[in-house]
Amino acid sequence: MMDLSILLALLQDGVVSGAVYGLLALALVLVFAVTRVILIPVGELVSFTALTYAGLEDGQIPEALPLLLALGALAFLRGALQDRGRSLGSLALQTLVLPAAIAGCAVLIAPLHAGIAVQAGLAIAVVAPMAPLLYRIAFRPLPEASVLVKLIAAVGVHLALTGLGLLCFGPEGARGPAFSDAVLTLGPMILTGQAVWVIFCTTAAMAALWAFFRLSLAGAALRATAINRRGARLVGISPDRSGLLAFWLAGLIAGLSGVLIAPLTTVYYDGGFLIGLKGFVAAIIAGLGSYPLAIAAALVVGVVESLSAFWASDFKEVIVFSVIIPVLLWRSLRHCAVGEEE
Amino acid sequence: MSALLQATGITIAYRGVRAVHGVSVSVAQGEIASVIGPNGAGKSSLLAGLMGLIPSGGQVLFEGEDISGLPAEARVARGLALVPETRDLFATMSVADNLRLGGYRHRFDTKAGRTRDLDAAYAMFPRLAERRGQLAGLLSGGERQMLAMARALMARPRLLMLDEPSLGLAPLIVRDIFRTVAGLRDQGVSVLLVEQNARAALALSAHASVLEGGRVTLSGPSAMLAADPRVTEMYLGAAPAAMA
Ligand SMILES: Nc1ncnc2c1ncn2[C@@H]1O[C@H](COP(=O)(O)OP(=O)(O)O)[C@@H](O)[C@H]1O
Ligand SMILES: [Mg+2]
C-alpha cells in the first residue's frame, strides 16, 4: 500500500517530468503551427544535449561537435543550391561561421570545468543550432508539401540522427550532474532541489515564450504565420524565416529540456525519442494547437507515468501511451481532427 | 504620366490548366485603374500573380524595375499591397494586432512613426478604433473589409490592389469604401481595383480593362468603356444613357 509521503513523492516526480514534457509539447505545437512539420527528431536533440552536458562534467570536448559542423556544411550546400547563390553571405554566417564559432568556444571552455551553469549553457549552445540547420536541410525545400510528406521527412531525420547519435556518443548512457543537492522537508513532502530547479526553469522558459509571443512584433509575426500564412506574406512576413525562427526556438527548448532531464535519469543516444514522444502525446491531446492545453496535458502524462511506474512498472510506457487513445477517439468523434488546410 | 505598374503577358495556370492567358495591365502613378469581368474570368488569379502569391509567366515592372521573380513578401517591401477577396486577416488576433502586423515592413522605424501610421488608420476608419481590442474573426463583413484595407495601408504602399472590396457588403458600406478609395488616390496612392460592380468601378477609375475567360477583351479610359455598347449590355444593365 502507499502512504501520503510516497504519493507526494510520486506526484513530485510526475510534475517534474511533466514540466519537461510540457516544454517539448510547446516546441512541437509551435513548429507544427508555423511549418506543419511534426518534429519527431526533437527527442534526439534532447538526448544529445543531455549527453553533451554529462560529458562536460568530465571536461570532455563535446562529442556532438563534428555533427554540428557537418550539419552546417550540409545546410550551406542545400541553401546555396536552393537559392541559386543568392545571399550567400548571410547563409554562410548562419551555417558555417556560427557552428564553427560555437565549436571553437566549446573546445576552449570544455576543459575548464567552468561550473554547472556554463556547462549547461554550452551544451545547449552546441545542440540547439542543429534544429535550424535540420530545417534548412530537410524541411525548407518542401514548404508547400502535405503534412504527410513532411512527416515522412521528419521520420527520416529522426532515423538519421539516431544513427549519427550512436556514432558520436557510443552506446553507453550517462547522467548529468544535478543543479542542486539540497533537500527540503515540508511536512510529509520531501522536495528535492533538482525538482525545484526543473520547475523553476520550465516556468521561466514558458513565461519567456509567452512574453515573446504576446509582447514582441517578431513573436506576433510567428503567430501570424501560424494563423494565416497568406495573410502573413501579404504584410511582408516571410514564412520561410518564420519557419527558421520556430526551429530555433524548438532547438533551444529541446536543449533546455535535455539539460533538465540529464540529472533525473540515465540518458542514452536514442533515449530522447521516448521523452519526445511523451511531449508529442501531450501535444496531440491539445490537438497540436493550444499551448496551455498542451502544458496541462503534459503534466497529466507525467503524473500518469509516475503513478504507473509505482503500481505497474512493466507497463509504464504502455499506460502512458494509452492515455492518447480515448483522447483521439473523443477528438475524432467531435470531428475536429488536425486540419490539413493547405 | 508614367506607369507605376506595367504587367505584360501575364499567364497563370492551375495544375496545367490556364486561368489567365497573356494579360497586360498597367496602372499610372496616382490613378485608379480597374479590372471588371464576370465570375471566373481570372481577376483574382491575376492579382495574386501580380502580388507574387502564385507563380505566373510574363513580366511585371514596378517603378520601372523588374519584380517578376520576387515572392510576395519581397513585393510588399517594394511598395505593393493586396487586399484579397478572402481578406486573409489574422482571425484570432485583435484588430490592433492585425494593424501592428500590417506595419511589419516598417518594424525598424521609430516608434513615433509607427504610432502615427496607426493613428492615421484609426482616423480613416473610426469603426476600427472602437473595435481595436476585438478579435478580427468576430468583426462584421464591412468591418473586416475596413480592417483588411487598413492593414494593407499600414505598409504605406505605393500601389494598393483591391479584390472585390464591395463583395457581400451593404450599399451604405460600399459607398463608404469607394469614398475611401477615392480619398486614397487623392493622397497619392495608386489603386488597381477589381470589381464585379462594374458601374461603381468605371465611375471611380480613370482606366479600365474587361477581363473575360482569362483574356482582356476591352480596355481604355473608363468613360469610354462606360459608353461602349458591349460593356453597357453585359455589365451595366439596360440603361446606357444614364452613365454617359
Ligand atoms: N486555387 C485554384 N485551383 C484551381 N483552379 C483555380 C484556383 N483558383 C482559381 N481557379 C480557376 O481559375 C479561374 C479564374 O478564377 P478567379 O481568378 O478566381 O476568377 P475571378 O476572380 O475573376 O472570379 C476559374 O476557372 C477558377 O476555377
Ligand atoms: Mg475573384
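Reminder, nothing fancy here: chain letters follow the sequence lines and each chain counts from 1.
In this structure the side chain of V235(A) never reaches within 4.5 angstrom of the side chain of R105(B), judged on heavy atoms. The closest side-chain heavy-atom distance from L217(A) to L101(B) is below 4.5 Å.
What you find for R100(B) and A220(A) is that their closest heavy atoms are NH2-CB, 4.1 Å. Closest of all the heavy-atom pairs between E73(B) and P239(A) is OE2-CD, 3.7 Å. Here the closest non-hydrogen pair linking Y104(B) and A221(A) is CE1-CB, 3.6 Å.
Within a 6.0 Å sphere centred on CZ of R107(B), other residues, nucleotides and ligands contribute more than 12 heavy atoms.
With a 4.5 Å cut-off on non-hydrogen atoms, A77(B) does not touch chain A at all. Proximity to chain A involves both the backbone and the side chain of P71(B), based on heavy atoms less than 4.5 angstrom apart. No part of L80(B) comes within reach of chain A, as not one of its non-hydrogen atoms sits under 4.5 angstrom from that chain.
Side-chain atoms of T86(B) and R230(A) include a donor-acceptor pair closer than 3.5 Å.
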- Message: Does I237(A) form a side chain to side chain contact (heavy atoms under 4.5 Å, CB included) with V76(B)? I'd like the steps, not just the answer.
- Response: CA-CA 9 Å; I237(A) 298 166; V76(B) 172; over 6 Å; no
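The choice from M154(B), R75(B), M51(B), R151(B) that makes the most heavy-atom pairs within less than 4.5 Å of chain A is R151(B). Interface check for chain A: of the options D88(B), D97(B), L89(B), L53(B), the most heavy-atom pairs under 4.5 Å are formed by D88(B).
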